[in-house]
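Data first, discussion second: the structure below is written as structure tokens.
Every heavy atom of this structure was used, including side-chain atoms; hydrogens, water molecules and symmetry mates were not.
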Amino acid sequence: MTTDSNNALGIFLRDRRSRLDPAVFGFSGRRRTPGLRREEVAQRANISPTWYTWLEQGRGGAPSSDVLNRIANGLMLTEPEREHLFILGLGRPPEVRYRAIEGISPRLQRLIDTLEVSPALVRTAAWDIVAWNRAATVVMTDYGSLAPEDRNVLRLLFCNPNVRNVQHDWETMARFVVGAFRADAARAGATSEVSELVEELSLASPEFKRIWQENEVISHGEGTKRLRHPVLGDIALEYSGFAIDGRPDLNMVVYNPVDPDVAERIRGLVLENNGRP
């Protein structure tokens, strides 16, 4: 018999089921201890009561990912709790499940708004832009003027002549974006979700189709982006990508002007764009 001292999975399962109110799930009857009974958790997870009992007791070997997902649903675990369950049961986090979103938290928006001269974007694994700051509006693109479905980096790069024309080296940039997009989609478990976008762009742009079929995969943690800005002229922006904790489907990219003079001119454009003196 496995003891509590080396049965972290069993301890975690017992703790979580003790926190649930049986009445909420339609279970009744007198109880000596709080929470759901083992057989009730097994019923909700659609697994054998004996097998669930063995898991709590540290017997029966490693559970499958399907069983852990069923238990996570049965115990109403949060996403961090589900991840912890997998680490305890299998020694690894669960496979990533892609979630499409329409926006970000107000806290994250306030964070990127503090970057006065550094354009900042938050994008999904499908490279949809879901948040941006004022510097991004005046330096990159006025995303707020676009329909939500048009706020996609690949659609803009391959289908918008204005965006294409400001790129210092469009071909290199296009190859980089496609390779990084492919890696992001796979990492976030969104391969099937982006298939429609890939098909759309392959029909709309022979250049995208050609580059996509080369199957390049690129890492994009940091680098330098060069633009031919209509007001600022030729500018260089150092960029860094940041993961957002708990959201493998989101990535934040911050662009910092290399030239301090360009930074001050961006500040002026931001003030002018906001209508402030």
Side-chain angles (χ1 to χ4, degrees), residues 96-104 112 119-133 135-232 234-237 239 241 243-244 247-255:
V96 176
R97 298 187 298 187
Y98 179 68
R99 295 180 291 164
I101 68 163
E102 296 182 354
I104 63 171
I112 64 175
L121 305 171
V122 178
R123 65 174 183 240
T124 69
W127 284 48
D128 291 320
I129 303 299
V130 293
W132 57 93
N133 63 3
T137 296
V138 300
V139 175
M140 316 289 282
T141 299
D142 184 2
Y143 299 102
S145 68
L146 301 175
E149 62 270 17
D150 293 330
R151 297 171 192 158
N152 178 274
V153 175
L154 284 92
R155 283 195 182 100
L156 291 169
L157 188 61
F158 285 93
C159 303
N160 188 312
N162 293 329
V163 172
R164 175 170 181 153
N165 291 337
V166 301
Q167 306 303 317
H168 190 268
D169 181 350
W170 183 87
E171 177 73 20
T172 298
M173 175 58 62
R175 289 180 175 278
F176 171 83
V177 166
V178 171
F181 164 76
R182 185 191 298 274
D184 274 0
R187 187 182 302 111
T191 303
S192 61
E193 283 79 4
V194 303
S195 60
E196 185 175 335
L197 174 62
V198 170
E199 182 177 355
E200 171 199 327
L201 291 173
S202 295
L203 293 173
S205 170
E207 293 160 311
F208 173 83
K209 183 177 181 179
R210 168 177 55 84
I211 296 172
W212 180 258
Q213 290 177 342
E214 293 174 1
N215 290 298
E216 293 292 336
V217 179
I218 297 174
S219 174
H220 59 95
E222 59 184 24
T224 301
K225 181 179 183 67
R226 291 178 169 81
L227 294 174
R228 296 190 181 99
H229 193 273
V231 177
L232 300 171
D234 288 353
I235 62 173
L237 303 166
Y239 67 84
I244 296 175
R247 295 302 306 269
D249 53 323
L250 291 181
N251 183 266
M252 180 173 68
V253 185
V254 177
Y255 299 85

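Aromatic ring pairs are classed by plane angle as parallel below 30°, tilted from 30° to 60° and perpendicular above 60°; the pair Y143 and W132 is tilted. Between F181 and W127, the ring-plane angle classifies as perpendicular under the 30° and 60° cut-offs. Between Y239 and Y255, the angle of the ring planes lies from 30° to 60°, which puts this pair in the tilted group.
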request  = Apply side-chain contact (heavy atoms from CB on, under 4.5 Å) to the pair T224 and L237, showing each step before the final yes or no.
outcome  = CA-CA 6 Å; T224 301; L237 303 166; over 6 Å; no
request  = Apply side-chain contact (heavy atoms from CB on, under 4.5 Å) to T172 and Q167, showing your working.
outcome  = CA-CA 9 Å; T172 298; Q167 306 303 317; over 6 Å; no
message = Using the rule given for side-chain contact (heavy atoms from CB on, under 4.5 Å), can you reason through R182 versus I218, listing the C-alpha separation, both sets of side-chain angles and the distance that settles it, and then say yes or no?
response = CA-CA 8 Å; R182 185 191 298 274; I218 297 174; over 6 Å; no
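Atom CZ of residue F208 and atom CD of residue E200 lie 9.5 Å apart, to the nearest 0.5 angstrom. Between L121 atom CG and D128 atom CG the span is 12.5 Å, to the nearest 0.5 Å. Rounded to the nearest 0.5 Å, atoms CD1 (I244) and CG (L250) are 4.5 Å apart.
Among R226, H168, K225, the one residue that satisfies the side-chain contact (heavy atoms from CB on, under 4.5 Å) test with M173 is K225.
Using a 4.5 Å cut-off on side-chain heavy atoms (C-beta onward), V122 and N251 make no contact. Using a 4.5 Å heavy-atom cutoff, the side chains of F158 and R164 are not in contact. Taking the side chain as every heavy atom from C-beta outward, I129 and L156 never approach each other to under 4.5 Å. Within the 4.5 Å cutoff, side-chain heavy atoms of L227 are placed close to those of M140. Taking 4.5 Å as the limit, every side-chain heavy atom of R151 sits out of range of all side-chain heavy atoms of T141.
For the pair N165 (side chain) and P161 (backbone), a donor-acceptor distance under 3.5 Å is present. Checked by atom type and distance alone, the side chain of N215 pairs as donor or acceptor with a backbone atom of Q213 at under 3.5 Å. Looking at D234, its side chain never comes within 3.5 Å of a backbone N or O of R228 through a donor-acceptor pair. Under the 3.5 Å distance criterion, the side-chain polar atoms of S205 are left unmatched by any main-chain donor or acceptor of L201. Judged by distance alone, the side chain of N152 and the main-chain N or O of A126 form a donor-acceptor pair under 3.5 Å. The backbone N or O of T137 lies less than 3.5 Å from no partner atom in the side chain of D142, so there is not a single donor-acceptor pair.
Under 4.0 Å is where a charged nitrogen must lie from a carboxylate oxygen, and between E149 and R155 no such pair does. A salt bridge links R210 with E171: the distance from a Lys NZ or Arg NE/NH1/NH2 to an Asp or Glu carboxylate oxygen falls below 4.0 Å. With respect to E207 and R175, no salt bridge is recorded, no charged nitrogen being found less than 4.0 Å from a carboxylate O.
Contact detail for H229 and V138: the closest heavy-atom pair is NE2-O, 2.7 Å. Across all their heavy atoms, P119 and V139 have their closest contact at CG-CB, 3.8 Å. Between V178 and L154, the shortest heavy-atom distance links the atoms CG2-CD2, 4.4 Å.
Counting non-hydrogen atoms of neighbouring residues, nucleotides and ligands closer than 6.0 angstrom, the CD atom of E196 reaches no more than 12 such neighbours.
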